[in-house]
Engineer: 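Below you'll find the structure I mean.
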Amino acid sequence: MIDPRALRDDPDRVRAAQARRGLSADVVDTALAADEERRTSIADFERLRAEQKQLSKQIPQASAEQKADLLARTKTLAADVKSAEAAQTAAEQDWREALMAIPNVAAEEAPAGGEDDYVVLETVGTPRDFAAEGFEPRDHVELGRILGAIDVERGAKVSGSRFYFLTGVGADLEMALTQLAMDQARANGFTTVIPPALVRPRAMEGTGFLGQAADDVYRIDGEDLYLVGTSEVPMAAYHSDEILDPSRFPLRYAAFSPCYRKEAGSHGKDTKGIIRVHWFDKVEMFVYTTLEESFAEHQRLLAWEKEFLDKLELAYRVIDVAAGDLGLSAQRKFDCEAWIPTQGRYRELTSTSNCTDFQARRLDIRGRFEGGTSPVATLNGTLCAMTRTIVAILETHQQADGSVRVPEALRPYLQGREVLKPVE
RNA sequence: GGAGGUGUCGCCUAGUCCGGUCUAUGGCGCCCGCCUGCUAAGCGGGUUUGGGGCUACAACCCCAUCGAGGGUUCAAAUCCCUCCACCUCCGCCA
């Protein structure tokens with residue numbers, strides 16, 4: 001939710017941000033009108049309520065005939081108060097809905113436009129030239145089969161399309177990546193967390209996943225519970241309804257959880273392998289800090305993501321995601337995309353968003369500052385999404401005989417193995 | 001899953017049976033001031049959160065807020081219903 005006061009004071013800034021996202025500014029006018037309506041209804045209710053309280057207070061000491069008179073007046077007043085209250089509740093709800101429909105105000109720096117209007121900020125490393133090396137790279141599905149690491153056939157048999165089993169070195173790789181990621185996070189002051197992957201509607205709603213994104217979310221039948229698509233959801237809701245002490249900021253958490261996604265709009269896309277799946281595990285960084293500090297923290301999250309990819313010796317580029325592709329909550333977003341040899345292109349491996357105070361408002365997370373409380377900023381960033389990272393590692397570090405060289409940083413977590421060898 | 005109990009403004013707590021004097025008691029902590037070689041103690045005051053009005057987003061006035069949401073009533077912390085969380089016991093279980 002955007003700042004209602006800022007909307008009232010400077011609606012043109014919000015209109016401009018909507019334009020950068022390629023969205024209509026109608027929601028702005030709807031929200032402003034709803035705000036007017038809301039404040040009028042509040043004034044009406046409060047005036048009647050104050051009068052009712054005044055009269056009510058007189059009743060106990062009143063004489064018999066005074067009492068009868070008072071009772072008659074308060075009785076009709078009570079009905080008025082009730083309807084005024086109902087009107088206020090309705091107006092308040094309309095206002096809230098109108099406000100909730102407005103996405104976070106995109107950063108001035110975020111490129112205008114949609115999905116394809118990103119700006120490449122930098123390119124790190126060079127994609128391997130397999131032609132020069134004299135062999136055709138195998139894709140991760142084949143490598144996964146040769147190494148006994150990924151079993152997509154049985155995944156489909158047991159759970160359906162877009163499911164898989166990680167076996168042997170595949171499972172070992174996930175464990176190793178998790179440990180490497182957690183060690184890096186811990187060294188940088190993150191608290192390691194294993195959060196619940198099932199959450200209530202409030203958590204989903206608060207993080208902005210029940211709007212247009214709702215199609216992609218699994219709901220538990222008859223339970224009022226959702227499977228999270230990222231641990232951003234439980235970690236944002238972790239401090240919901242709390243007033244935090246800013247002297248302890250930034251609060252940094254590194255959460256490991258499964259992620260579940262319906263991938264509703266992606267039929268036919270990435271049908272092979274484990275690039276796009278209904279479930280994967282992920283280590284996610286999540287930070288609570290002040291609005292002022294959030295911009296610098298966003299850069300730090302990006303730096304940590306790059307550090308992790310560097311350790312895995314991957315070639316990647318960093319893009320500044322365009323306003324129209326930010327999603328509901330983000331004010332700015334950077335994606336790290338790794339080179340996938342058999343696809344001949346860069347694919348998103350990690351993503352970091354500054355949600356400023358947008359989620360904090362929805363989830364009522366404030367800090368106690370001089371001069372009162374105010375919403376804090378939340379940020380998130382992928383440290384390691386297992387499946388895609390495994391794809392990138394296998395394809396990038398494969399050798400002509402189908403074996404895979406293990407990046408040095410990962411070796412201590414893989415029992416010292418330097419090479420993953422094909423199984424018989 | 002079954003039975004019972006509990007939920008009060010940071011923490012603890014009075015109040016709930018018998019609705020109005022609750023603009024919610026007291027203690028601890030914290031903040032400001034006084035006192036004081038210093039510290040401690042003592043004394044006085046303050047200390048939920050959100051919103052509206054008015055405005056310098058000050059002061060002030062008002063409304064809401066006793067786990068959440070409904071209901072009864074002129075009036076609800078107090079009575080009724082639903083939900084949530086926690087505790088105890090039983091059952092089941094990794």
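None of the values given here were measured: they were computed from a predicted structure. Residue numbering restarts at 1 for every chain, and letters A, B, ... go by the order of the sequence lines.
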Engineer: Expressed as a whole number of Å, how far does the P atom of B:U65 sit from that of B:G71?
Structural biologist: 13 Å
Engineer: Does a donor on one side chain sit under 3.5 Å from an acceptor on the other, for A:Thr178 and A:Asp281?
Structural biologist: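 Checked: A:Thr178/A:Asp281 side chains show no N/O donor-acceptor pair below 3.5 Å.
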Engineer: Taking a pair as Watson-Crick or G-U wobble with both distances under 3.5 Å, which nucleotide is matched to B:U82?
Structural biologist: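 B:A68 is the nucleotide pairing with B:U82.
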Engineer: Taking atom types as modelled, is there a side-chain donor on A:Lys333 or A:Ser351 under 3.5 Å from an acceptor on the other?
Structural biologist: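 A:Ser351 and A:Lys333 do not have a side-chain donor-acceptor pair below 3.5 Å.
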Engineer: Given the C1' atoms of B:C22 and B:G5, what is the spacing between them in whole Å?
Structural biologist: 26 Å
Engineer: Could you tell me whether A:Ile194 atom CD1 has more than 12 heavy atoms of other residues or ligands within 6.0 Å of it?
Structural biologist: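 No, because the 6.0 Å sphere around CD1 of A:Ile194 holds 12 heavy atoms or fewer from other groups.
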Engineer: Contacts to RNA chain B from residues 288-295 of chain A, heavy-atom cutoff under 4.0 Å, which residues?
Structural biologist: none
Engineer: Just by distance, with hydrogens left out, do A:Thr378 and A:Gln359 show a side-chain donor and acceptor under 3.5 Å apart?
Structural biologist: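 The answer is yes; a qualifying pair exists.
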Engineer: According to a strict under-4.0 Å criterion, is A:Gln52 in side-chain N/O contact with OP1 or OP2 of B:C74?
Structural biologist: no
Engineer: Just to verify, what does A:Phe163 make a ring pair (Phe, Tyr, Trp, His ring centres under 6.0 Å) with, not counting sequence neighbours?
Structural biologist: A:His278
Engineer: Hey, what are the protein-to-nucleotides 52-63 of chain B N/O distances that come in under 3.5 Å?
Structural biologist:
{"residue": "B:G52", "atom": "OP1", "partner": "A:Arg38", "partner atom": "NH2", "Å": "2.9"}

Engineer: Work out how far the P atom of B:C81 is from that of B:U6, and round it to whole angstrom.
Structural biologist: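 One P to the other, the span is 14 Å.
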Engineer: Using atom P in both nucleotides, what's the gap between B:U25 and B:A14 to the nearest angstrom?
Structural biologist: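 So the two P atoms sit 14 Å from each other.
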Engineer: Within a radius of less than 6.0 Å around CZ of A:Arg219, do more than 12 heavy atoms belonging to other residues, nucleotides or ligands occur?
Structural biologist: no
Engineer: Does one side chain, of A:Arg49 or A:Gln52, offer a donor that lies under 3.5 Å from an acceptor on the other?
Structural biologist: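 On atom types as modelled, these side chains qualify, holding a pair under 3.5 Å.
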Engineer: Whole Å only: how far is the CG atom of A:Leu244 from the C1' atom of B:G10?
Structural biologist: 14 Å
Engineer: Is it true that atom CD of A:Glu122 has more than 12 heavy atoms of other residues, nucleotides or ligands lying nearer than 6.0 Å?
Structural biologist: yes
Engineer: Looking for any heavy atom pair under 4.0 Å, which part of the strands does A:Arg366 touch: base, sugar-phosphate only, or nothing?
Structural biologist: sugar-phosphate
Engineer: I'd like the C1' distance from B:C38 over to B:U47, given in whole Å.
Structural biologist: 28 Å
Engineer: Rounded to the nearest angstrom, tell me the gap between atom CG in A:Leu77 and atom C1' in B:U73.
Structural biologist: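 Roughly 14 Å, once rounded to whole Å.
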Engineer: Using the P atoms only, state how far B:G29 lies from B:A40, rounded to an integer number of Å.
Structural biologist: 12 Å
Engineer: Give a yes or no on whether a salt bridge exists between A:Arg332 and A:Asp320, defined as a side-chain N under 4.0 angstrom from a carboxylate O.
Structural biologist: yes
Engineer: What is the base-pairing partner of B:U88, counting Watson-Crick and G-U wobble geometry with both distances under 3.5 Å?
Structural biologist: B:A3
Engineer: With a 3.5 Å limit on both atom pairs, tell me what B:U55 is paired to, counting Watson-Crick and G-U wobble, or say none.
Structural biologist: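 The answer is none; no pair meets the criterion.
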Engineer: In whole angstroms, how far is the P atom of B:G70 from the CD atom of A:Gln93?
Structural biologist: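 From A:Gln93 CD to B:G70 P: 10 Å.
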Engineer: If you find the nucleotide of RNA chain B closest to A:Ile243 and the one closest to A:Ile59, which residue's nucleotide is nearer the 5' end?
Structural biologist: A:Ile243
Engineer: Considering every strand and a 4.0 Å limit on heavy-atom distances, what is the contact class for A:Arg200: base, sugar-phosphate, or nothing?
Structural biologist: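 Counting heavy atoms under 4.0 Å across all strands, the contact made by A:Arg200 is with sugar-phosphate only.
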Engineer: Just the rounded figure in Å: distance from C1' of B:U73 to CG of A:Leu55.
Structural biologist: 15 Å
Engineer: Under 4.0 angstrom, heavy atoms only, what part of the nucleic acid is A:Glu92 near: base, sugar-phosphate, or nothing?
Structural biologist: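 A:Glu92: no heavy atom of the nucleic acid under 4.0 Å.
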Engineer: Does B:G29 have a Watson-Crick or wobble partner in any strand here, with both distances under 3.5 angstrom, and which is it?
Structural biologist: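 Pairing partner: B:U47.
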Engineer: Using the P atom as the reference point in each nucleotide, state the distance between B:G46 and B:G53 in Å, no decimals.
Structural biologist: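 The answer is 29 Å between these two P atoms.
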Engineer: Take atom P in B:A68 and the same atom in B:C60, then report the distance between them in whole Å.
Structural biologist: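 After rounding to an integer number of Å, I get 27 Å for this pair.
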Engineer: Is the shortest heavy-atom distance from the side chain of A:Arg388 to the side chain of A:Ile275 under 4.5 Å?
Structural biologist: yes
Engineer: Considering just the side-chain nitrogens and oxygens of A:Arg202, establish if one lies under 4.0 Å of OP1 or OP2 belonging to B:C84.
Structural biologist: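 A:Arg202 to B:C84 OP1/OP2: no side-chain N or O under 4.0 Å.
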Engineer: Please tell me whether A:Tyr413 and A:Asp183 have a donor and an acceptor in their side chains that are separated by less than 3.5 angstrom.
Structural biologist: yes
Engineer: Please report, rounded to the nearest Å, how far the P atom of B:A76 is from the NZ atom of A:Lys82.
Structural biologist: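 One finds 11 Å between P of B:A76 and NZ of A:Lys82, rounded.
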Engineer: So, OP1 or OP2 of B:G50: does either fall under 4.0 Å of a side-chain N or O from A:Thr373?
Structural biologist: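 Answer yes for this pair, as a side-chain N or O of A:Thr373 is under 4.0 Å from OP1 or OP2.
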Engineer: Tell which nucleotide pairs with B:C22, taking only Watson-Crick or G-U wobble pairs whose two distances are both under 3.5 angstrom.
Structural biologist: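 When the pairing criteria are applied, nothing turns out to pair with B:C22, so the answer is none.
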Engineer: In the strands shown, is B:C93 matched to any nucleotide by a Watson-Crick or G-U wobble pair with both distances under 3.5 Å, and which?
Structural biologist: none
Engineer: What is the base-pairing partner of B:C17, counting Watson-Crick and G-U wobble geometry with both distances under 3.5 Å?
Structural biologist: none
